[in-house]
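This report refers to the structure that appears directly beneath it.
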Amino acid sequence: MNWDDTSDAAEDSAEARLVGADADGEDQAVEAALRPKSLGEFVGQERVREQLDLVLRAARQRGATADHVLLSGAPGLGKTTLSMIIAAEMGAPIRITSGPAIQHAGDLAAILSSLQEGEVLFLDEIHRMSRPAEEMLYMAMEDFRVDVIVGKGPGATAIPLELPPFTLVGATTRAGLLPPPLRDRFGFTAHMEFYEPAELHRVVHRSAGLLDVRVDGAGAAEIAGRSRGTPRIANRLLRRVRDYAQVKADGAITQEIAAAALAVYEVDERGLDRLDRAVLGALLKLFGGGPVGLSTLAVAVGEERETVEEVAEPFLVREGLLARTPRGRVATPAAWAHLGLTPPPAAAGGGAQQDLFGG
Ligand SMILES: Nc1ncnc2c1ncn2[C@@H]1O[C@H](COP(=O)(O)OP(=O)(O)OP(=O)(O)O)[C@@H](O)[C@H]1O
């Protein structure tokens with residue numbers, strides 16, 4: 001897990017999710033093999049690709065190091081992959097680290113001072129860097145220089161250290177959390193969107209080819225439709241469907257095989273899993289569609305409040321199935337339709353259920 005805004009309770013619950021967007025151990029092992037290696041291979045994100053292509057081409061033509069790049073977007077959309085592509089397209093080495101790994105300015109100084117000319121420094125979760133390190137980064141990004149402080153107290157001196165030109169690629173799930181002085185120092189900022197089903201369809205086909213799995217168009221579409229707009233989830237579902245196809249059939253993935261496999265794993269046709277459906281089911285069946293307070297809803301599904309709020313709700317809100325209102329959580333008409341339930345007449349206008357527990 002690497003959502004900085006996700007609590008421990010939410011993490012425990014999200015860890016085992018097949019539709020969780022963060023990388024688990026198995027993902028990390030296979031992702032290297034599935035990562036596109038060039039901008040041409042990178043599926044979707046047309047605008048970002050086009051803009052980045054211009055930035056990189058222009059830098060290459062000038063024989064210069066590319067401008068610093070900030071990539072923002074949800075986990076699993078391809079930020080790490082793009083940073084590696086940037087390095088590959090520039091013919092430069094890449095160093096990978098993350099905000100939480102840099103707690104002291106000295107940690108950052110050590111990394112910066114060992115960079116080669118033109119190297120790409122990928123800083124994941126850049127919004128989680130410590131303040132002193134962040135301030136050191138400002139100067140490094142702008143002037144390719146850092147001041148290393150030697151000694152303590154009144155006798156401390158700042159020794160300037162020249163750095164070779166490098167390209168910082170920062171990644172964040174929360175661009176809004178970056179202090180403006182840091183954001184302003186990036187020459188190019190790209191916001192990565194969730195992928196369309198047709199794009200995920202291409203991701204599934206591409207990955208199936210690399211994994212040597214046979215999948216037909218309808219089978220790939222079935223997986224894509226349940227992947228929550230996220231290539232990492234598409235790749236993970238593909239691997240689980242492959243297991244099913246291998247054990248229960250002849251190894252080939254068709255629409256029927258994909259649907260049957262994902263039914264076993266409790267991922268429904270819209271990508272909701274057991275937790276999502278439990279939250280939605282409680283909201284509809286116990287509270288008439290709401291409004292109901294978050295705490296009450298969490299008690300009803302036997303989960304921590306944070307788990308409901310941080311793990312289940314974001315996707316339900318994004319899918320237009322649940323709304324967070326000042327009076328509490330409310331199901332939308334699409335939620336009733338998705339669970340195959342008929343809203344009671346009173347629920348048509350949003351329901352009038354009181355939150356007795358003050359959530
Ligand atoms: N546009 C894409 N085309 C094909 N595959 C992709 C694409 N984007 C991501 N992937 C696949 O999804 C997986 C996850 O991508 P990646 O690790 O780059 O995501 P991320 O945004 O860096 O995630 P996190 O925020 O968790 O670090 C990779 O294995 C990669 O193969």
Side-chain angles (χ1 to χ4, degrees), residues 1-6 11 14-15 17-53 69-89 94-101 120-128 169-175 177-178 189-211 213 215 220 223-224 226-240 242 310-311 314:
M1 286 292 298
N2 60 4
W3 299 344
D4 84 309
D5 56 339
T6 306
E11 283 190 20
E15 211 79 63
R17 291 185 97 196
L18 198 55
V19 290
D22 287 305
D24 62 23
E26 186 189 340
D27 290 330
Q28 282 162 1
V30 293
E31 274 184 359
L34 297 181
R35 277 186 208 288
K37 304 269 186 298
S38 65
L39 273 181
E41 264 187 77
F42 193 81
V43 175
Q45 309 286 347
E46 302 299 337
R47 184 57 60 86
V48 170
R49 268 195 314 143
E50 191 183 342
Q51 294 171 342
L52 199 52
D53 186 44
V69 175
L70 179 65
L71 304 172
S72 74
L77 298 188
K79 299 184 293 300
T80 308
T81 305
L82 261 191
S83 76
M84 292 178 171
I85 289 175
I86 291 171
E89 300 264 343
I94 182 166
R95 183 87 55 95
I96 297 181
T97 186
S98 72
V120 171
L121 173 63
F122 178 58
L123 231 169
D124 204 2
E125 299 183 77
I126 191 168
H127 58 280
R128 294 181 63 189
V169 179
T172 180
T173 48
R174 320 275 313 271
L177 288 185
L178 284 193
T189 299
H191 180 70
M192 305 188 57
E193 304 286 349
F194 286 99
Y195 290 66
E196 296 297 326
E199 294 169 336
L200 289 176
H201 188 281
R202 281 160 55 203
V203 170
V204 171
H205 257 305
R206 181 181 170 278
S207 300
L210 292 170
L211 295 171
V213 178
V215 57
I223 296 171
R226 299 180 189 221
S227 300
R228 301 162 76 113
T230 308
R232 172 174 291 137
I233 300 177
N235 284 339
R236 196 184 298 140
L237 296 187
L238 170 65
R239 298 199 301 275
R240 293 293 74 80
R242 170 190 62 179
E310 296 162 17
V311 179

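We use all heavy atoms of the structure for the numbers below, so side chains are in, but hydrogens, waters and symmetry mates are not. Every number for a ligand or one of its atoms is a count from 1 in the order of the listing. The structure displayed is predicted, hence computed values, not measured ones.
Nearest heavy-atom pair, Ser38 versus Ile85, reported as atom, atom and distance to 0.1 Å: O-CD1, 3.5 Å.
A salt bridge between Arg49 and Glu46 is present, with a side-chain N of the basic residue lying under 4.0 Å from a carboxylate O of the acidic one.
Under the 4.5 Å side-chain criterion, counting only non-hydrogen atoms from C-beta, Thr80 is in contact with Arg35. At least one side-chain heavy atom of Ile94 sits under 4.5 Å from a side-chain heavy atom of Ser83.
Contact annotation for Asp124 and ligand 1: only side-chain heavy atoms (C-beta onward) come within less than 4.0 Å of the ligand.
Between Gly78 and ligand 1, at least one pair of N/O atoms sits closer than 3.5 Å. Residue Pro75 places no N or O, backbone or side chain, under 3.5 Å from any N or O of ligand 1. Polar contact check, Thr81 against ligand 1: a nitrogen or oxygen pair lies under 3.5 Å apart. Of the N or O atoms in Glu41, none lie within a sub-3.5 Å distance of an N or O in ligand 1.
At distances below 3.5 Å, at least one donor-acceptor pair connects side-chain atoms of Arg236 with backbone N or O atoms of Gly20.
Atom numbering of ligand 1 starts at 1 in the shown order; those under 4.0 Å from a heavy atom of Asn235 are 11 (C), 12 (O), 31 (O). Each of the following atoms of ligand 1 lies closer than 4.0 Å to a heavy atom of Val43: 1 (N), 2 (C), 3 (N). Near Leu34, meaning under 4.0 Å from any of its heavy atoms, are these atoms of ligand 1: 31 (O). Under a 4.0 Å criterion applied to the non-hydrogen atoms of Tyr195, ligand 1 contributes the atoms 1 (N), 2 (C), 7 (C), 8 (N).
Judged as a side chain to side chain contact (heavy atoms under 4.5 Å, CB included), and not counting sequence neighbours, the contacts of Arg47 are Gln51.
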